Protein chains: 2
Amino acid sequence: MRTEKPLTRSSQDYLEAILNLSEREQNVRITDLANHLQVTKPSATGMVKAMSRQGLLQHDKYGPIQLTEEGAKQAHLVRQRHRALKDFLVHLLGVPHKTAEKEACLMEHSISMDTSERLYLFLQENLTK
Amino acid sequence: MRTEKPLTRSSQDYLEAILNLSEREQNVRITDLANHLQVTKPSATGMVKAMSRQGLLQHDKYGPIQLTEEGAKQAHLVRQRHRALKDFLVHLLGVPHKTAEKEACLMEHSISMDTSERLYLFLQENLTK
DNA sequence: TTCTGATGTTAGTCAATCCTAACATATTGT
DNA sequence: ACAATATGTTAGGATTGACTAACATCAGAA
């Protein structure tokens, strides 16, 4: 079930979206996911299917979507990177929220967890102003 | 000739590589480009062909590659983003050079020029330590 | 129960970008 | 000039992830 294949940018986006949605809804549905990510339902269906095969999530036909333990772990890491980046953009660079959200979404796939942690520490030291 | 189509990540990478190579060599050749970007020659040929159609560069069969005015302009913008990001990673976050180079290469496609300029200013203010 | 509307799935297609294998052209050395 | 080598191109294919159109299933209302 487990795959050693590195996560694609899109997979990471899907993982993060499922994590965020699952904290607000009992069941994450394909339509929710598609709307959230601004893709069509067939696209979401296809990606969910692929990610299910990779052991990142559990999804029965027509049923709700649930992250596996591994999927949830990876989702949390993506979100961690996202938050550090967004905080930096908003609070240190003064980027408007919407722009920062969008750019953090793109950047989160581009940095290592090491860099993310360094950024987090940097923010700790510099957000005391 | 001019295209309004947004530049793909890959196109941006190719533009930046051509710019950097053209500053070191009289002629940029497919093989140079392919080696630099760690892709095969047919891949580079194909991308160069596509980008030529988009008016980003000039390339005659078997001949050297040259950026058009528009291509060069875009390449400089990519590089600007790259440098701001790399400087930030290295000098403020203490990321090792190789890692910073790699991550800047990925991040440069994810931020706007506005954010890049904000980052540049932030670096100016904070690199005086 | 049946019908309607909402939700979800399947199949086919496209774009982008990479690869390999085979071939074409240019360059260099003898 | 010819042969060998280097460089570059073409054709075909794979992966990823998006789209549309058609179809299937589910849930709720009548």
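What's counted below: heavy atoms across the whole structure, side chains too, no hydrogens, waters or symmetry copies. All values reported here derive from a predicted model rather than from experimental measurement.
- Regarding D13(A), its CG atom lies at a distance of 12 Å from the C1' atom of dG17(D), rounded to whole Å.
- Rounded to an integer number of Å, the gap from CG of D32(B) to P of dT7(D) is 9 Å.
- To the nearest angstrom, P of dA18(D) lies 6 Å from CE of M47(A).
- In this structure, E108(A) and S116(A) have side chains that are not in contact, with every pair of non-hydrogen atoms separated by 4.5 Å or more.
- Of the candidate nucleotides dT9(D), dT20(D), dT7(D), dT20(D) has the atom lying nearest to any side-chain atom of P42(A).
- Distances from the side chain of T31(A) to the nucleotides dC18(C), dA18(D), dT7(C) place dT7(C) closest.
- Partner of D13(B) under the side chain to side chain donor-acceptor pair (under 3.5 Å) criterion, chosen from H82(B), H109(B), H36(B): H109(B).
- Using modelled atom types, one side-chain atom of N126(B) and one backbone atom of F122(B) make a donor-acceptor pair closer than 3.5 Å.
- Contact check for F88(A) versus L119(B): side-chain heavy atoms found under the 4.5 Å cut-off.
- Side-chain N/O atoms of Y14(A) include one lying less than 4.0 angstrom from OP1 or OP2 on dA18(D).
- When each of S11(A) and H59(B) is assigned the nucleotide of DNA chain D with its nearest heavy atom, H59(B) is the one assigned upstream, toward the 5' end.
- At a threshold of 4.0 angstrom between heavy atoms, the contacts of T40(A) include nucleobase atoms, whether or not backbone atoms are also involved.
- Taking 4.0 angstrom as the limit, K49(A) places none of its side-chain polar atoms (N or O) nearer than this to OP1 or OP2 of dG8(C).
- What separates CD1 of I30(A) from P of dC26(D) is a distance of 15 Å, to the nearest Å.
- A straight line from CE of M51(A) to P of dT15(D) spans 19 Å, rounded to a whole angstrom.
- In this structure, the side chains of M51(A) and H59(A) stay at 4.5 Å or more apart for every pair of heavy atoms.
- Among the protein residues, T45(B) comes within range of the nucleic acid bases, having at least one heavy atom under 4.0 Å from a base atom.
- T8(B) comes within contact range of the sugar-phosphate backbone alone, with a heavy-atom separation under 4.0 Å but no base atom that close.
- Residues I111(A) and R81(A) come closest through the heavy atom pair O-CD, 3.3 Å.
- Not one N or O on the side chain of S52(A) forms a donor-acceptor pair closer than 3.5 Å with the backbone of V48(A).
- Nucleotide dA18(D) holds its P atom 10 Å from the CG atom of L33(A), rounded to whole Å.
- Atoms CG (L37(A)) and P (dG17(D)) sit 12 Å apart, rounded to a whole Å.
- Taking atom NZ of residue K41(B) and atom C1' of nucleotide dT20(C), one finds them 12 Å apart after rounding to whole Å.
- Comparing dT17(C), dA26(C), dA21(C) by their nearest atom to the side chain of Y62(B) picks out dA26(C).
- The bend of the helix from dT1(C)-dA30(D) to dT30(C)-dA1(D), defined by the angle between the axes of its first five and last five pairs, stands at 0° to the nearest 10°.
- Heavy atoms of S43(B) sit under 4.0 angstrom from at least one base atom.
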For this session: Please report the C-alpha distance between Q12(B) and E16(B) in whole Å, then the side-chain angles of each, then the deciding distance to 0.1 Å, and finally whether the side-chain hydrogen bond (donor to acceptor under 3.5 Å, both in side chains) criterion is met.
Result: CA-CA 6 Å; Q12(B) 290 180 29; E16(B) 193 182 8; over 6 Å; no

